Amino acid sequence: MTRILDDLTDAQREAVTHRDGPMLVVAGAGSGKTRVVTRRIAHLIDQGVRPWQILAVTFTNKAAREMHDRVERLVGPVPALVTTFHSACARWLRRDVERLDCGRDRRYSIYDDDDQIAVIRACLKDLDLDEKRFAPRGLSAAISRSKTEMRTYEEVLADAHGPRQEVVAEVYQAYEKRLRGANAVDFDDLLWLTLRMLTSDPELLAGYQQRYRYLLVDEYQDTNRVQYLLMKALAGQSRNLHATGDPDQSIYSWRGADYRNIMDFESDYPGTRVVFLEKNYRSTARILNVANELISHNAHRYEKRLVTDAAQGERPAFFCAADDRTEAAWVVREVRRLERAGTPLDEIAVFYRVNALSRTFEEVLIRESVPYTIVGGVRFYERKEIKDVLAYLKAVANPRDNAAFRRLAGAPPRGVGVKTLDALEALAAQRGAGMMETLVAEDFGEAWTGRYTKGLKALRALCRALAALPRAPVRAFVEAVLEHAGLKDHYRDPDDIRSEDRVENIEGLVNRAAEFDAERPDADLAAFLEDVALVTDVDEWNSESRQITLMSMHAAKGLEFRAVFVAGLEEGLLPHRNSMDTDAEREEERRLLYVAMTRAKERLYLSAAKQRLQWGEITMSLPSSFLDELPAEEVECLPGEDEVFAPEGLVPSMGRPGGYYGRRAPVRSGRRRKLGAGQWRRRTFEDEDAWDDLDPGLEPEDEIQEHPDDDVG
DNA sequence: CCTATATAGATTTTT
DNA sequence: TCTATATAGG
């Protein structure tokens, strides 16, 4: 009780004790936002609100779990009341989706990225469209975009400009038809179908509104249109919506997030109380200074500047390496030094813009035997062997899931090929059923005299056996599947170099099933699959291990470390070449770097490499223009190993916006590769000379005259 | 129907 | 460089 309100600042206390009506907490990085949310939940419970009347929504399971644990530490065991948008929606759909006329029943499957791509390819084939001309990834992105904007394929078709968009609409329609037929939903559907389900059924909505009296949304700046409307619908008349967020940390617009949702909160919810948390309790003054300076270059933002009482600390350091290997070696050397000086390895992290950069670090870390964990990249559930096992689980849970069935049929190979499967699918379609259920029920009359029948019969026996198995506990079911299907033996193949890993991964899945059974004894197979589909690697990441952490800057949000390395500060990487054309894109890239920097508590290191190996090819790069935006005197430039890059090349220009290299690096003689659709602009150079004749019309002196106030030191 | 080899394409970021 | 798919041959 008093404990709940102890050691809070006035602003934090106001945010915590607020009771009814809309409230917006604009919370800067490291300002105690998580503390506010958890204390508020605890406070509400303390005030007599029933725990199940509270719904707190986050974006990752990890954040949800952490919040839940912290609440329990304050008030004792409470039912889970913190979840992600996607899990909450998945659960609600599982309960009530049949009230919405969308062709799905409660056994629905959740399709991940890979499944989506597979469906799109099948659609392209049906429509007789060339994959080369219409990249499945691009189409998938376009469809996803449409769904986050809540546009049906009819609407997309109606507003189509040109044949390309007509194709998008056409594929979108086919895609929907297939998902519907497979009783499947994608990530976007989870949200949108839920919204449609609630808004089309006033009685149902009233029930949800009644149940969830207090709503909290974390990272509100990352909500998209659907999530925004969902919360608005749930908040209803009571408008008990408590949102926390930071527009400066909005880094998901590419996924449909719209930070205007937070900017416009006050006008959306008249009478909103707004609290600003502008005091940072995480970073040293110098780190904060540099981060503040960077983000101040964004034109569109809530003006705020984080302050701190913390000590000055060390200056953030910048290291410019000759190449990526040198950069990695330097990072590892510094990691070692930090460790000797008393920073535990699990308090150190390396961030990068794209996951592909992890490889070089990994090599050096292995060589130097520094323990590490990589978060992201090839995810556990995306591994081939795991997908194989999951295909069995999915097909049993949802007999209409033909994609899962097709996968299972060939893993391990058992004499059933594409032709046979096509025949079976045709038969299933004719009966309006799924392949799994069709096969299980089939008695093989005269129509099946062909040579395909033998393999099919074996498969039928397997499917019948699996369908008859008890589906809980999940662990037992998974093991029975492995046994019946002979999957372990299949992966014990001595010809496969990765055979050991594969068997290990499968055992990992069994362990996970066991954990699931222990955590949720009353849940079933469908719930397990739901978990699996919605859990990402960041969620699994264990901060307690004595290892350094490598992850993308996106994955880093919400975390903190004593020492942080931000690698690859090069134009084209950060800002990324695909996100540097418009001011809005560049601003988001800047926020991304801001997020990365503000993860650091004590030490911040930035680095860049003049050249790096990419696709097995050496490419040259320019320093990130964001480096020019940092206060030069506040950044310690470590002696690089390359004369051109540092110190003369880069350092003198730091601190002057639009410094020597300009805000946009000129494209020169960059070797262009044909990459199909979508122009590939790469800022790369054939040789060293390109360095010297960069933008010769703009000399450092000119810049100084243009910015006489800037103290260049 | 399965396997081995060739080839093209990939790298933004993730629920 | 690595991976996933397309192709041909067994």
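Note: hydrogens, waters and symmetry copies are ignored here, and every other heavy atom, side chains too, is used. Remember, predicted model here, so these are calculated numbers, not experimental data.
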Q: Looking only at side-chain atoms of A/T420, point me to the closest of B/dT11, B/dC1, B/dT13.
A: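 Per side-chain heavy atoms of A/T420, the pick is B/dC1.
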Q: Provide, to the nearest angstrom, the distance between the CZ atom belonging to A/R577 and the P atom belonging to B/dA10.
A: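 It works out to 13 Å between those atoms.
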Q: Report the distance from atom CE of A/M580 to atom C1' of B/dT11, rounded to the nearest whole Å.
A: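 The answer, rounded to whole Å, is 16 Å.
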Q: Using whole Å, report how far OH of A/Y252 lies from C1' of B/dT14.
A: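 A/Y252 atom OH is separated from B/dT14 atom C1' by 6 Å.
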Q: For nucleotides 5-8 of chain C, give me every protein contact, N/O to N/O, under 3.5 Å, one pair per line with atom names.
A:
residue	atom	partner	partner atom	Å
C/dT5	OP1	A/R121	NH1	3.2

Q: Any salt bridge between A/R225 and A/D258, counting N to O under 4.0 Å?
A: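 The answer is no: the pair does not qualify as a salt bridge.
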Q: Please confirm whether the shortest side-chain N or O distance from A/S552 to OP1 or OP2 of B/dT12 is below 4.0 Å.
A: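 Checking A/S552 against B/dT12: no side-chain N or O falls below 4.0 Å of OP1 or OP2.
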Q: Both A/E589 and A/G410 contact DNA chain B. Which one's nearest nucleotide lies toward the 5' end?
A: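 The residue mapped nearer the 5' terminus is A/G410.
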Q: Scan A/F59 against the nucleic acid and name what it touches under 4.0 Å (heavy atoms): base, sugar-phosphate only, or nothing.
A: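 Counting heavy atoms under 4.0 Å across all strands, the contact made by A/F59 is with sugar-phosphate only.
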Q: Would you mind writing out the side-chain donor-acceptor pairs for residues 113-120 of chain A within the sub-3.5 Å range, not counting sequence neighbours?
A:
residue	atom	partner	partner atom	Å
A/D115	OD2	A/D112	N	3.1
A/D115	OD2	A/K394	NZ	3.0

Q: Flag this pair as yes if the NZ/CZ of A/R591 is under 6.0 angstrom from the six-membered ring centre of A/Y259 and inside a 45 degree cone about the axis; otherwise no.
A: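 Relative to the ring axis of A/Y259, which defines the angle, A/R591 lies inside both limits.
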Q: Does the pair A/N355 and A/S358 meet the rule for a side chain to side chain donor-acceptor pair (under 3.5 Å), with working shown?
A: CA-CA 6 Å; A/N355 284 313; A/S358 68; 6.0 Å; no
Q: To the nearest Å, give me how far apart CD (A/Q249) and C1' (B/dT13) are.
A: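 Atom CD in A/Q249 sits about 16 Å away from atom C1' in B/dT13.
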Q: Which nucleotide in the list B/dT11, B/dT14, B/dT3 gets nearest to the side chain of A/D113?
A: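 The listed nucleotide nearest to A/D113's side chain is B/dT14.
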Q: Return the orientation label for the A/Y212 and A/W92 ring planes: parallel under 30°, perpendicular over 60°, tilted otherwise.
A: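 Geometry flag for A/W92 against A/Y212: tilted rings.
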Q: Without decimals, in angstroms, what is the distance between A/L574 CG and B/dT11 P?
A: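 Interatomic distance, CG of A/L574 to P of B/dT11: 19 Å.
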Q: Can you check whether A/T549 reaches A/Y372 side chain to side chain, under 4.5 Å on heavy atoms?
A: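 Heavy-atom side-chain distance check fails, nothing below 4.5 Å.
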Q: Stacking check: are the rings of A/W254 and B/dT12 less than 5.5 Å apart at their centres and under 30 degrees in tilt?
A: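 Per 5.5 Å and 30° rule: no stacking.
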Q: Is the shortest side-chain N/O distance from A/N355 to OP1 or OP2 of B/dT12 below 4.0 Å?
A: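 Indeed not, no polar side-chain atom of A/N355 lies that close.
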Q: Within the structure, does a side-chain N or O atom of A/H554 lie under 4.0 Å from either OP1 or OP2 of B/dT13?
A: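 For A/H554, the contact criterion (side-chain N or O under 4.0 Å from OP1 or OP2 of B/dT13) is not met.
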Q: Starting from P on B/dT11, measure out to CE on A/M551 and report it in whole angstrom.
A: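 Spelled out: CE on A/M551 to P on B/dT11 is 21 Å.
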Q: Testing the basics here: between A/Y108 and A/I110, what is the closest heavy-atom pair and its distance to 0.1 Å?
A: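 Shortest heavy-atom separation between A/Y108 and A/I110 comes out as CE1-CG1, 3.7 Å.
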Q: To the side chain of A/R359, which of C/dC2, B/dT14, B/dT12 is closest?
A: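 Between C/dC2, B/dT14, B/dT12, the one nearest the side chain of A/R359 would be C/dC2.
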Q: Expressed in whole Å, how much space separates the P atoms belonging to C/dA4 and B/dT13?
A: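 About 15 Å, rounded to a whole number of Å.
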Q: Is it possible for you to check whether A/R255 lies under 6.0 Å from the centre of the six-membered ring of A/Y252, through NZ or CZ, and within 45° of that ring's axis?
A: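 Positive - A/R255 is close enough to the ring of A/Y252 and near enough to its axis.
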Q: If I take atom CG in residue A/L559 and atom P in nucleotide B/dT14, what distance separates them, rounded to the nearest angstrom?
A: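 In whole Å, B/dT14 P lies 12 Å from A/L559 CG.
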Q: Check the distance between C/dT3's P and A/R137's CZ and give it to me in whole angstrom.
A: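 Spelled out: CZ on A/R137 to P on C/dT3 is 15 Å.
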